[in-house]
Amino acid sequence: MSVQAWTFLFVGVTFGLYLVIAWWSRVSDTRGFYVAGQGIPAAANGMATAADWMSAASFISMAGLISTLGYAGGMYLMGWTGGYVLLALLLAPYLRKFGHYTVPDFIGDRYRSNVARIVAVVCAVFVSFTYVAGQMRGVGIVFSRFLEVDVNVGVYVGVAIVFVYATLGGMKGITWTQVAQYWVLITAFLTPAIAISLKLTGTPVPQIGLGSELIGEGTALLEKLNQIHADLGFASYTEPFIGSWDKLNVFCVTLALMAGTAGLPHVIVRFYTVKSVAAARWSAFWALLFIALLYLTAPAIGAFARYAMLDGLHGKTEEQLPDWFHSWEQTGLILWMDDGDGHLSYTGGDRADENELFRSGNLGSVQVAEIRLYHQKWLDGQLDGQDGRIVLRQAGLAGPDRDIIVLATPEMANLARWIIALVAAGGLAAALSTASGLLLVISSSVAHDLYFRIGNPHASESQRLLVGRMVIGFAVVVAGILGIYPPGFVSQVVAFAFGLAAASFFPAIVLGIFSKRVGTYPAIFGMITGIGFTATYILGSVYGGWSSWAFGIGPQGIGVVGMMINFTVTLGLTPFFPAPDQTVQELILSIREPEGAGPALDIDKSVEAD
Amino acid sequence: MSTKVDERDSRRAAALGRYWKRNATIMAVLLFIWAVVGLGAGVLFADVLNVYSLGGYPLGFWFAQQGSILVFVLLILVYALVMNRLDKQHHRELQSTDVITPKRSGRFHEAGASVE
């Protein structure tokens, strides 16, 4: 069976499974729709959180990022896991004790302000929509690469599937499909890693393999990799702070990602669905454990694939090049522009001029064909020929596409075709699980926070449920449109989402829980200045061409500064404004008190307290 | 009647104050370790640590890409275990000072609360 046939099979089976789960977990009330009836067991919730967290980017791109960055890839690894410690210690148990349905709910009630609630809603919706655009696009791309259909077809199918299980089951449907999606994605990720580790180092445990000696070489893999890097002009793989990722920026990006992770609404909301505060703490543990299974393996994949690529490609002639190279060359993710000597040269750094390996990036196939044509003319010595290497290098397209690392690793390791298809199903599971979590946040922000809490507090259960379903259905469609016409800056916008979450939600929630003194206006001003600064800076660097003028920190790490601004403004203004009133003080105390020692919070009662 | 409620309230407030202090200490310790291992060993001291090796990895690189993640998982595990135990201790304290009484179902309710 071809890869395409296997992929159809796996995708068909897994999608069928998601639909069955959707039917089984259909809900009939808002508690089921928004917080899954608060009945999800801690370990299952951990699996769902892990799947929700690991998006198409984590699954496909992260290992590729690590393979390109070497040591600096640790920013993403530490940032995206370290944030869970912050979540577990500073947020999850208290928000679960609070017992409401959304993040803007907490902000609105703690700061007694519909203005604060609306600011939170706007942030949540913006952060979630930007994130979800990349996911639907990711679904389309996996479909196009593995099933050989048009990207948009993939997006339509993805939209249809999510539409069904999200509108039927809301958070309950989403959670249980995420549990299934976790197992699909972790199997798909680990299998090639174990296989390539066995092939290169003889041990099936990738984390040990990464530190081991290469079979038949007698040197440690990392040492050999560093050596090859040095020979070919690339910076050392394991040495920190070489090149543009200096200590300050690595520090800031890591911290921004940690705080941003803890501030992302679609992650926070995952802790509302468990049975108790104690379960929320356990759920955070299970979530990080399940996430760590993938994150601890990604460095191994990154390094193995980097080694296989350098060792397998550099210096080889057309006949010597491995099969995987030829099949992936057709996708444009990896291109060879020979300088005429018949040997492939993959270099970087000081030897970048000799590099012959490129990618097509955003260029269409017609443009690439044209570049090849003129490159061939240049090789033949014709006057109108042009060195394609220079053209591509100036377009910033040197080196293969990062996404190829995870997608091509099974072929690099000569794995069976069904494993390759499994990676496709895994990538889809990752994208769909994250997309559905984000869509739930968008729906709850509009249907619960805007419609119910502000617009129509006397809406009945069935009205609230209907509005929730309509909004999520509408949001899925919009997400699909963003998947078909993606804003060209998706990955930067995701980085923006983290910076925004770090600068807005994280300080507001932490201060809300840990301080009884911080009142409404300081919090609102803090959020607005934090967001304003971060947004202006990032938009300026991305569109306005500003250089990183603020303290030498790039846009990815600027969320740290935004966060500090938020904290400073909030705490600085606090002495000048009144303390929260008695009701809020009691709310804070009840959030801090262990469960079962006081009367339970009831969301419907709190509405009348407004 | 109201003084009894007041006394109970102040005992409860005092117990909560003690609980919160212990909570804050645990959090501070765990977050300190989080910072030292993650931002410290993984970033600030990674170049210094790289001189040493662990299992074939340079040490700073290992902390950044493997060790810190392992430590984070352990930190949350410790947090869940310790805090859940602290919660139970708090309940026992409230019971023994007569702030709450256990219902037969195992849940708690206000001591002396009538069926309102």
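Owing to the predicted nature of the structure, the values given are computational and were not obtained by experimental measurement. Protein chains get the first letters and strands the later ones, always in sequence-line order, with residue 1 at the start of each.
Remark: Ala502(A) engages Ala259(A) in a side-chain contact (heavy atoms from CB on, under 4.5 Å) (not counting sequence neighbours). Partners of Ser236(A) according to the side chain to side chain donor-acceptor pair (under 3.5 Å) rule, which considers only residues two or more places apart in sequence or in another chain, are Asn226(A).
The part of Ile66(A) that comes within reach of chain B is its side chain, from C-beta onward, which places non-hydrogen atoms under 4.5 angstrom from that chain. Using a 4.5 Å cut-off between heavy atoms, Leu44(B) contacts chain A through both its backbone and its side chain. For Leu74(B), no part lies near chain A; criterion is any non-hydrogen pair under 4.5 Å. For a residue to count as touching a neighbouring chain, one of its non-hydrogen atoms must lie under 4.5 Å from one of that chain's; by this rule Leu77(B) touches chain A with backbone and side chain alike. At a 4.5 Å heavy-atom cutoff, the contact between Leu90(A) and chain B is made by side-chain atoms alone.
Taking the six-membered ring for Trp and thresholds of 30 and 60 degrees, Phe241(A) and Tyr71(A) have ring planes more than 60 degrees apart, a perpendicular arrangement. Trp282(A) and Phe285(A) have perpendicular rings, their planes meeting at more than 60° on a 0 to 90° scale where under 30° would count as parallel. Taking the six-membered ring where the residue is Trp, His229(A) and Tyr237(A) present perpendicular rings, their angle passing 60° and hence far from 30°.
Taking chain B as the reference chain and counting heavy-atom pairs below 4.5 Å, the highest number among Glu223(A), Met78(A), Met258(A) is found for Met78(A). Contact tally against chain A (heavy-atom pairs below 4.5 Å) for Leu30(B), Val73(B), Val37(B): the top residue is Val73(B). Your options are Thr81(A), Leu89(A), Leu255(A), and the one with the most heavy-atom pairs under 4.5 Å with chain B is Leu89(A). Counting heavy-atom pairs closer than 4.5 Å to chain A, the top residue among Leu31(B), Val43(B), Ile26(B) is Val43(B). The candidate from Gly82(A), Ala220(A), Gly79(A), Ala292(A) with the greatest count of non-hydrogen atom pairs under 4.5 Å with chain B is Gly82(A). Ranked by heavy-atom pairs under 4.5 Å with chain A, the list Leu86(B), Asn23(B), Ile69(B) is led by Ile69(B).
Of all the heavy atoms in Thr203(A) and Ser197(A), the pair that sits closest is O-OG, 2.6 Å.
Annotation: Trp34(B) is not in aromatic contact with Tyr84(A) [ring centroid separation under 6.0 Å not met].
Summarising the local packing, NZ of Lys247(A) is surrounded by more than 12 heavy atoms from other residues, nucleotides or ligands at distances under 6.0 Å.
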Could you list the donor-acceptor pairs under 3.5 angstrom formed by side chains in residues 47-60 of chain B, with sequence neighbours left out?
| unit_1 | atom_1 | unit_2 | atom_2 | d |
| --- | --- | --- | --- | --- |
| Asn50(B) | OD1 | Gly60(B) | N | 3.1 |
| Asn50(B) | OD1 | Phe61(B) | N | 3.0 |
| Asn50(B) | ND2 | Thr238(A) | O | 2.8 |
| Asn50(B) | ND2 | Glu239(A) | OE2 | 3.1 |
| Tyr57(B) | OH | Gln207(A) | O | 2.6 |

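Along residues 294-306 of chain A, the residues that come nearer than 4.5 angstrom to chain B, judged on non-hydrogen atoms, are Tyr295(A), Leu296(A), Pro299(A) in order of number.
Looking at Arg12(B), Arg18(B), Arg11(B) one by one, the single match for salt bridge (charged side-chain N to carboxylate O under 4.0 Å, His left out) with Glu93(B) turns out to be Arg18(B).
The closest donor-acceptor contact from the side chain of Arg592(A) to the backbone of Phe514(A) lies under 3.5 Å.
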